[in-house]
Participant: 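Please see the structure below; I have some questions.
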Protein chains: 2
Amino acid sequence: MVEREKLTEEKIFESATEIFLEKGMDGARMRDIADHAGINKSLLNYYYRSKDRLFNAVYEKLAGQLFDMFAPVFDENLSLEEKIRYFFREHISFLQKNPRLPIFILYEVNRNPERFRKLIQKFDFEALWDTLEKQHEKELAKYNISMEMLPQLMSSLAALSVFPFAARSFLEAIFTKLGIDFDDYIEERKKFAAEFTIKALKR
Amino acid sequence: MVEREKLTEEKIFESATEIFLEKGMDGARMRDIADHAGINKSLLNYYYRSKDRLFNAVYEKLAGQLFDMFAPVFDENLSLEEKIRYFFREHISFLQKNPRLPIFILYEVNRNPERFRKLIQKFDFEALWDTLEKQHEKELAKYNISMEMLPQLMSSLAALSVFPFAARSFLEAIFTKLGIDFDDYIEERKKFAAEFTIKALKR
DNA sequence: AATAAATTAAACCAGATGGTCAAATTTAAT
DNA sequence: ATTAAATTTGACCATCTGGTTTAATTTATT
């Protein structure tokens, strides 16, 4: 039954996503995923041959989501400053809705780098690089940003937006002791990170 | 036997540290730790009552190391700019020697926030906060940094230095496709992150 | 050397885990 | 309605896992 099949398979996938996000590959239990989906455990193996395949499906979907959030940075017809503001606003908003995504991806990529390499082998980063360079040729010159600095710059953008989520529990524990609310902190961060970066670039 | 006991216990601890750093709590196997230490599995339970206790010992040691790296920032008698340069140079150098530490701590704190809360309950962050504030009262005013910005600022320092290591496998996979060497990138980062931050603060 | 205590090893165990299988049930096709 | 195919279930299994136990061996004490 097509309709039913889709429902069950989706239910499994959604449950698996939740459990894997929370517990990681090693910590997740097939039984927990089945229970969470309200189905029999052998159905997991019926729809997805094994834990590894089920995990892969979830992993690729989530990694895809993460990458998609970077796409607009290369598309949008905005000035460099506008793009920086746009990036932090949209990316942090996305992470607010998917707070566990960063630590999940970072940890699982770390656990199995080869899987990640295979996943991104089709991507043409060189082309994106060139696009970015051409789009902002004048601005990069104006800000005195050399091509050799780009990896430092790009990873700093990622760092400023992703780190608070990857380190969420860590920061929350400390913030609590200082009377700081994590959600407020994140809300502020959209603007802070943008202004911080823009100031750092101006000379 | 005192001498031998210490050797065995240390050997166990070092092996456990390596395995836990690599595989995390869930992925680590007591058998692997024993094999790595070249001893019988029951010795693990003889010296450390359980996997959980062994893990805790390792976790607390490593978390302590990480915190210690922040201490000089509060001690050293340096200007704010000097401190920023000092921080990135020393902290990143430390992480070069302990590259797996960040993702391990972030993941395990995330997996069990309560354990982390207990670990840091004795720390007086308020006091450190005040110290920092007093040390740099004039500079903070000069740079127009308000106290409300400090969490954003401090977490940005951490982000810029920690993120590249937490995301190491991720970045490495992409860098490889761009012909960038990760170690070179990290070496550059000590200065880049410092200058980036200092520029961001100046007005 | 004799004895007690600490240390190590080997075998073992109960529970958990991913996965299988045969049978039953539901759905689609004739 | 009958048949074939797809879906679901419950029981079951081999393996793995953290941990225990018992006995042997080594070390320290007298």
Participant: Taking atom CZ of Phe182(A) and atom OG1 of Thr176(A), what is their separation to the nearest 0.5 Å?
Facilitator: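 If I round to the nearest 0.5 Å, the distance is 10.5 Å.
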Participant: Set out, line by line, the N/O atom pairs under 3.5 Å between protein and nucleotides 21-25 of chain C.
Facilitator:
none

Participant: Centroid-to-centroid, Phe55(A) to Phe20(A), below 6.0 Å?
Facilitator: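 Aromatic pair counts; centres sit under 6.0 Å.
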Participant: Looking at Tyr47(A), I'd like to know whether one of its side-chain N or O atoms comes within less than 4.0 Å of OP1 or OP2 on dT8(D).
Facilitator: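 Answer yes for this pair, as a side-chain N or O of Tyr47(A) is under 4.0 Å from OP1 or OP2.
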Participant: Is the phosphate of dT8(D), meaning OP1 or OP2, less than 4.0 Å from a side-chain N or O of Asn40(A)?
Facilitator: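 Result: no.
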Participant: Just how far is it from atom CG of Leu62(B) to atom CD1 of Ile105(B), taken to the nearest 0.5 Å?
Facilitator: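 The distance works out to 5.5 Å.
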Participant: Would you say His36(A) and Lys11(A) make side-chain contact, with heavy atoms under 4.5 Å?
Facilitator: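 A side-chain contact is absent here, since even the closest heavy-atom pair is not under 4.5 Å.
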Participant: May I have the distance from Phe55(B) (atom CZ) to dG19(D) (atom C1'), rounded to whole angstrom?
Facilitator: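 Those two atoms, CZ and C1', are 19 Å apart.
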Participant: Any donor-acceptor pair under 3.5 Å linking the side chain of Lys199(B) with the backbone of Lys202(A)?
Facilitator: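 Checking the backbone N and O of Lys202(A) against the side chain of Lys199(B), no donor-acceptor pair under 3.5 Å is found.
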Participant: In Å and rounded to the nearest 0.5 Å, what is the CD to CD distance from Glu133(A) to Glu126(A)?
Facilitator: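 Rounded to the nearest 0.5 Å, the CD-CD separation comes out at 10.5 Å.
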Participant: Please state whether the phosphate of dT20(D), meaning OP1 or OP2, lies under 4.0 angstrom from any side-chain nitrogen or oxygen of Tyr46(B).
Facilitator: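 No, because none of the side-chain N or O atoms of Tyr46(B) sits under 4.0 Å from OP1 or OP2 of dT20(D).
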Participant: If we ignore angles and hydrogens, is there a donor and acceptor under 3.5 Å between the side chains of Arg111(B) and Ser169(A)?
Facilitator: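 No, no side-chain donor-acceptor pair sits under 3.5 Å.
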Participant: For the pair Gln152(A) (side chain) and Ala193(B) (backbone), establish whether a donor and an acceptor sit closer than 3.5 Å, ignoring hydrogens and angles.
Facilitator: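 Between the backbone of Ala193(B) and the side chain of Gln152(A) there is no qualifying donor-acceptor contact (under 3.5 Å).
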Participant: Using the side chain to side chain contact (heavy atoms under 4.5 Å, CB included) definition, which of the options Lys61(A), Arg115(A), Met25(A) pairs with Asn56(A)?
Facilitator: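 Testing Asn56(A) for a side chain to side chain contact (heavy atoms under 4.5 Å, CB included) against Lys61(A), Arg115(A), Met25(A) leaves exactly one candidate, Arg115(A).
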Participant: For a quick test of reading the model: is some side-chain N or O of Thr8(B) closer than 4.0 Å to OP1 or OP2 of dT8(C)?
Facilitator: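 Yes, within the criterion.
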Participant: Test side chain to side chain contact (heavy atoms under 4.5 Å, CB included) on Thr17(B) and Phe13(B) and set out the steps.
Facilitator: CA-CA 6 Å; Thr17(B) 302; Phe13(B) 190 84; 3.7 Å; yes
Participant: Between N or O atoms, less than 3.5 Å apart, protein on one side and nucleotides 15-18 of chain C on the other: list the pairs.
Facilitator:
{"unit_1": "dT17(C)", "atom_1": "OP1", "unit_2": "Arg29(A)", "atom_2": "NE", "d": "2.6"}
{"unit_1": "dG18(C)", "atom_1": "OP1", "unit_2": "Ala28(A)", "atom_2": "O", "d": "3.4"}
{"unit_1": "dG18(C)", "atom_1": "OP1", "unit_2": "Arg29(A)", "atom_2": "NH1", "d": "3.2"}
{"unit_1": "dG18(C)", "atom_1": "OP1", "unit_2": "Lys51(A)", "atom_2": "NZ", "d": "3.0"}
{"unit_1": "dG18(C)", "atom_1": "OP2", "unit_2": "Met30(A)", "atom_2": "N", "d": "3.1"}
{"unit_1": "dG18(C)", "atom_1": "N7", "unit_2": "Arg31(A)", "atom_2": "NH1", "d": "3.0"}
{"unit_1": "dG18(C)", "atom_1": "O6", "unit_2": "Arg31(A)", "atom_2": "NH2", "d": "3.3"}

Participant: Just how far, in rounded Å, is C1' of dA9(C) from CG of Leu44(B)?
Facilitator: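 Rounded to whole Å, this separation is 13 Å.
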Participant: Rounded to the nearest angstrom, tell me the gap between atom CG in Asp32(B) and atom P in dT17(D).
Facilitator: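 Distance, rounded to whole Å: 8 Å.
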Participant: Just checking, is any N or O donor in the side chain of Ser42(A) or Asn40(A) under 3.5 Å from an acceptor N or O on the other one?
Facilitator: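 Checked: Ser42(A)/Asn40(A) side chains pair up, N/O donor to acceptor below 3.5 Å.
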Participant: Please give, in whole Å, the distance from dG19(C) P to Leu43(A) CG?
Facilitator: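 From Leu43(A) CG to dG19(C) P: 15 Å.
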Participant: Separation of Arg53(B) atom CZ from dG18(D) atom P, in whole Å?
Facilitator: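 It is 17 Å, rounded to the nearest whole Å.
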Participant: Going by heavy atoms closer than 4.0 Å, what residues in residues 107-116 of chain B are next to DNA chain C?
Facilitator: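 Heavy-atom contacts with DNA chain C come from no residue of residues 107-116 of chain B; none.
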